[in-house]
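To start, the structure under review is shown below, and the notes come after it.
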Amino acid sequence: MNVAKLLRSWFTPRPARPKLPDDPRLAADPWLGGIFGRLGDRYRLAEDGARVLRRTGRARFNPMPVWVISAQRLVRADYEVRGDAAAARALLDQRVSEKLTSLGLSSAGDAVEDWAGSVLTRKYEGRCDSPDQAAAAVRFVCEESETQINLAAE
């Protein structure tokens with residue numbers, strides 16, 4: 001191989017990777033399309049049409065504890081804290097509630113279950129009329145906060 005061919009191979013633009021097929025559900029609904037357009041290619045809508053999937057590795061998409069309900073412009077999220085229920089409530093109030101409230105989501109109730117110890121599950125939900133607001137809420141839940149916390153490890 002001569003030097004000219006080698007240099008051309010280095011500087012010739014390679015064809016872009018094939019883009020994943022567009023989700024027709026996102027194209028049909030401007031609110032959903034706006035959310036996922038702002039979130040980028042690391043996020044997808046699950047088969048059920050509500051749950052958010054996030055790519056955490058190269059190709060694998062994992063279900064996140066976040067749901068977007070298009071008909072009501074609603075975003076829902078679940079947080080689980082293992083440990084004393086009172087301490088779990090205080091921790092969520094301190095770390096999560098204020099930020100989610102600023103994004104339009106509020107606490108929709110707590111449930112305490114006993115399985116290998118006490119586990120508090122708190123649901124947050126809120127109406128997000130703008131795709132920007134909904135995308136910010138999804139991004140906070142998926143990237144900027146912990147959705148499963150063990151108080152013993154704190």
> So, R82 side chain and A116 main chain: donor-acceptor pair closer than 3.5 Å or not?
Replying inline: yes
> So, R25 side chain and L45 main chain: donor-acceptor pair closer than 3.5 Å or not?
Replying inline: yes
> Taking all atoms of both residues into account, what is the closest heavy-atom pair of A85 and S118, and its distance?
Replying inline: N-OG, 4.5 Å
>> Quick check on the hydrophobic clustering: are V52 and W67 connected, directly or via other members, by side-chain heavy-atom contacts under 4.5 Å?
In response: no
> Looking only at side chains, do R54 and Y43 share a donor and an acceptor under 3.5 Å apart?
Replying inline: yes
>> Let me check something: do V68 and F61 share a hydrophobic cluster, defined by ILVMFWY side-chain heavy atoms less than 4.5 Å apart, either directly or through other members?
In response: no
> If you group Ile, Leu, Val, Met, Phe, Trp and Tyr by side-chain heavy-atom gaps below 4.5 Å, do V112 and I149 land in one group?
Replying inline: yes
> Is the closest side-chain heavy-atom distance between M64 and C142 below 4.5 Å?
Replying inline: yes
> Where do R38 and V138 land on the side-chain contact (heavy atoms from CB on, under 4.5 Å) test, with the steps shown first?
Replying inline: CA-CA 10 Å; R38 286 160 181 78; V138 169; over 6 Å; no
>> Run the side-chain contact (heavy atoms from CB on, under 4.5 Å) test on F140 and V96 for me, step by step, so that the C-alpha distance in whole Å, both residues' side-chain angles and the decisive distance to 0.1 Å come before the verdict.
In response: CA-CA 9 Å; F140 174 77; V96 177; 4.2 Å; yes
>> Any carboxylate oxygen within less than 4.0 angstrom of a Lys/Arg side-chain nitrogen, looking at D129 and R73?
In response: no
> For residues D78 and T121, is any side-chain donor paired with an opposing acceptor at under 3.5 Å?
Replying inline: no
>> Using side-chain contact (heavy atoms from CB on, under 4.5 Å), reason through L120 and L92 one step at a time and then give a plain yes or no.
In response: CA-CA 10 Å; L120 172 89; L92 288 174; 3.8 Å; yes
> With side chains defined as the heavy atoms from C-beta onward, is the minimum distance between R76 and L105 less than 4.5 Å?
Replying inline: no
> In terms of heavy-atom contacts, does CD of E144 have more than 12 from other residues, nucleotides or ligands at under 6.0 Å?
Replying inline: yes
> Distance from R95 atom CZ to L100 atom CG, nearest 0.5 Å?
Replying inline: 13.5 Å
> Is L151 close to V81 at the side-chain level, that is, under 4.5 Å between some pair of heavy atoms?
Replying inline: yes
> Are side-chain N/O atoms of Y124 and T101 paired as donor and acceptor at under 3.5 Å?
Replying inline: no
> Does R51 offer a backbone N or O that forms a donor-acceptor pair with the side chain of D48 under 3.5 Å?
Replying inline: yes
> Is the cationic atom of R122 (NZ for Lys, CZ for Arg) positioned less than 6.0 Å from the six-membered ring centroid of Y79 and within 45 degrees of its normal?
Replying inline: no
> L53, I35: one ILVMFWY side-chain cluster at the under-4.5 Å cut-off?
Replying inline: no
> Is it the case that one hydrophobic cluster holds both L26 and L39, taking links as side-chain heavy atoms less than 4.5 Å apart, direct or via other members?
Replying inline: yes
>> Distance check, rounded to the nearest 0.5 Å: E80 atom CD versus N150 atom CG?
In response: 11.5 Å
> Hey, is R89 close enough to D110 for a salt bridge, meaning N to O under 4.0 Å?
Replying inline: yes
